[in-house]
Amino acid sequence: MLRFIGKRILMMIPVLLGVSLIIFTMMYFTPGDAADMLLGDSATIEQKEQLRNDLKLNEPYLVQYINYMKGVLCGNLGTSYSTKRPVTEELLDRFPTTVKLAGAGVLLSLCFGVTMGIISATKQYSIFDNLATSFSLLGVSIPNFWLALMLIIIFAVNWKILPPSGLSTPLHWILPIISLGMNSTATIMRMTRSSMLEVVRQDYIRTARAKGQKELFVILRHALPNALIPIITVAGLQFGRLMGGAVMAETVFSIAGIGKLMVDAIKLQNYPIVQGGVLLIAFSTSIVNLIIDILYAFVDPRIRSQYIKPKKTQTAGKGAVTNA
Amino acid sequence: MAEPILEVRNLTVEYTSGKSIVQAVNNLSFTLERGEALGLVGETGAGKTTTALSIMQLITSPPGRIKSGEIIFEGRDLTKLSQSELRKLRGEKISMIFQDPMTALNPVITVGDQICEVIHLHEKVSRLEATQRAKKMLEMVGIPGERYSDYPHQFSGGMKQRVIIAIALARNPSLLIADEPTTALDVTIQAQVLEMIERIIKELKTTLILITHDLGVVADICDKAAIMYAGEIVEYGTLDHIYNHTMHPYSIGLFGSIPNFNEDVRRLKPIKGLMPDPTNLPKGCSFCLRCPDCQDRCTKEKFSPVEVAPGHIVRCVKYIND
């Protein structure tokens, strides 16, 4: 198992290198100039040239990239152009908020998505199933920025029962999490439903019923664990999606997270923050995917046996020969 | 003989698929006495498994439905019991060995826990005792107890079938339904598993319904046999009745299609034609389209079963005296 985890961590290196190269290239070729943005229209050409030299923006593309990567390897993501603070500090200040937001979104969608999916699958074609399926179709189709705006209009502006922006009290979390989690709730619900529908038709479910097991336990103990693999796969993907989706929610709800920081940085051509932010999101997504891969082994003994070498050598074959 | 343990009366089961209705079991009746072993023989689609699932009350509904009939087990009609009463019987009094051992075990639960589950469901025992009993069950079916915490994928097909048998017998049920227990296994393992079933039911005095399409297996293990065709029992009797005094044309056809070592036969005689479409069964005798002795009235009316000798029942026009 440890070897497997080590291998997976090593595999993250090329992924992160690729991400850094892509985002660096994109920022390099983005039209516009950081010096223009930072100094404004009143600055002279000499002043701007001076700033470009200070920021080493005049060096060739590859030299810039290699210098940047040298810094990254030493844990130095550069300095923010606007605040002059180290990018790592800026990011780490805001990272917990974004992770909490995305985490809460995934948690919410797991709770509701899995529960609704299970009920839908066990009561296929019932009224609840039809309602839940239409809800999930709606949830998948609604763009979440639109949903966020609608939620603000309804709950904050018209009814005035929930605050429209910020994260200072638990009440403030409700709208951002709903608008973030709606999409993934629907996706997870659909996945749970189809995965469960497949599992409840399996022979071992009939075996469980033939033992005299109660229907609830047949579903929770026998069916659900077998349906989990696709569900946790989707949940892991959703976490990555929500980290990206947080950019939207943070902007709409003015929350000081990584997403908002990056959007502001893009407007100011503040390259180091954008690059650092993207790298951090890519990194945390890879970590979540690693955790998902490890979870597979916990959920399914067949996958586990591929990673863990059996302690005893006797297992296979013994007993097969004993004649009745 | 002892009192009947199971009495199936006029059982009719149908499956709905779209607009058509499949009559899987038609007006089926038989009686089984305690300690007996009955072989239920018939080709694929004859309604054998459906009959078994009706006794377990595990017909998936929809699409399946027990349309009419009674299944009286130890004096109680199973079709009228509530789900919670049925749960008390399943696994405890009636249990079933399923056809395909590859899929009948839950892949994410250890085999030991799967056996323990039945014990726990029907008796209040400590974890430790249940574990010990499960290990004993494993040993009874010829699997070492240390393999208790192995998962199904670590077992071969034959061993999985043994585990399923261990689950079915863990609570010492009075009725065991074995639904083609050896179909998915290769021949050498088949013999082992059958011998084991035979040994265990003799030991535990279990009543057995053995579903198979192998007449040889029935001759080995059972006391009585019922030949099923298109959802009906066409011939029912002791082994002597069925094997030595075969009467129904379909049964005769079945025996004709088995190689016989005593006679020099160049070719086997298959039964001509196919099973009738179960959504559109013939109005008269369901075998009339393939029957070599088909008469005019066979296509027009259904015949009730006739008792040609004590305990030997045949459903055929040839044996109706009128």
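Numbered from 1 within each chain, the chains take letters A, B, ... in sequence-line order.
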*Asks:* So what's closer than 4.5 Å to chain A heavy atoms on Ile200(B): side chain, backbone, both or neither?
*Replies:* neither
*Asks:* At a heavy-atom separation under 4.5 Å, does His122(B) approach chain A through its side chain, its backbone, both, or neither?
*Replies:* side chain
*Asks:* What parts of residues 72-90 of chain B touch chain A if we use heavy atoms and a cut-off under 4.5 Å?
*Replies:* Arg87(B), Arg90(B)
*Asks:* According to the side chain to side chain donor-acceptor pair (under 3.5 Å) rule, which pairs have a member within residues 185-199 of chain A, sequence neighbours left out?
*Replies:* Asp129(A)-Arg193(A)
*Asks:* Is the number of heavy atoms from other residues, nucleotides or ligands within 6.0 Å of CZ (Phe128(A)) greater than 12?
*Replies:* yes
*Asks:* Around Ile127(A), counting heavy atoms of other residues, nucleotides and ligands shown, do more than 12 lie under 6.0 Å from its CD1?
*Replies:* no
*Asks:* Which region of Thr103(B), side chain (C-beta onward) or backbone (N, CA, C, O), has a non-hydrogen atom less than 4.5 Å from a non-hydrogen atom of chain A, or is it both or neither?
*Replies:* both
*Asks:* Can you pull out the residues in residues 130-140 of chain B with any heavy atom less than 4.5 Å from chain A?
*Replies:* none
*Asks:* Should we count CG of Leu2(A) as having more than 12 external heavy atoms under 6.0 Å?
*Replies:* no
*Asks:* A side-chain contact here means heavy atoms from C-beta on lying under 4.5 Å apart; do Tyr296(A) and Ile232(A) qualify?
*Replies:* yes
*Asks:* Could you please state which residues from residues 104-116 of chain B sit under 4.5 angstrom from chain A, measuring non-hydrogen atom to non-hydrogen atom, sorted by number, or 'none'?
*Replies:* Ala104(B), Leu105(B), Asn106(B), Pro107(B), Val108(B), Ile109(B), Asp113(B), Gln114(B)
*Asks:* Is Arg147(B) close enough and on-axis enough to Phe155(B), meaning under 6.0 Å and within 45°, for cation-pi?
*Replies:* yes
*Asks:* Decide whether Tyr151(B) and Arg304(A) meet the rule of one side-chain donor and one side-chain acceptor closer than 3.5 Å.
*Replies:* yes
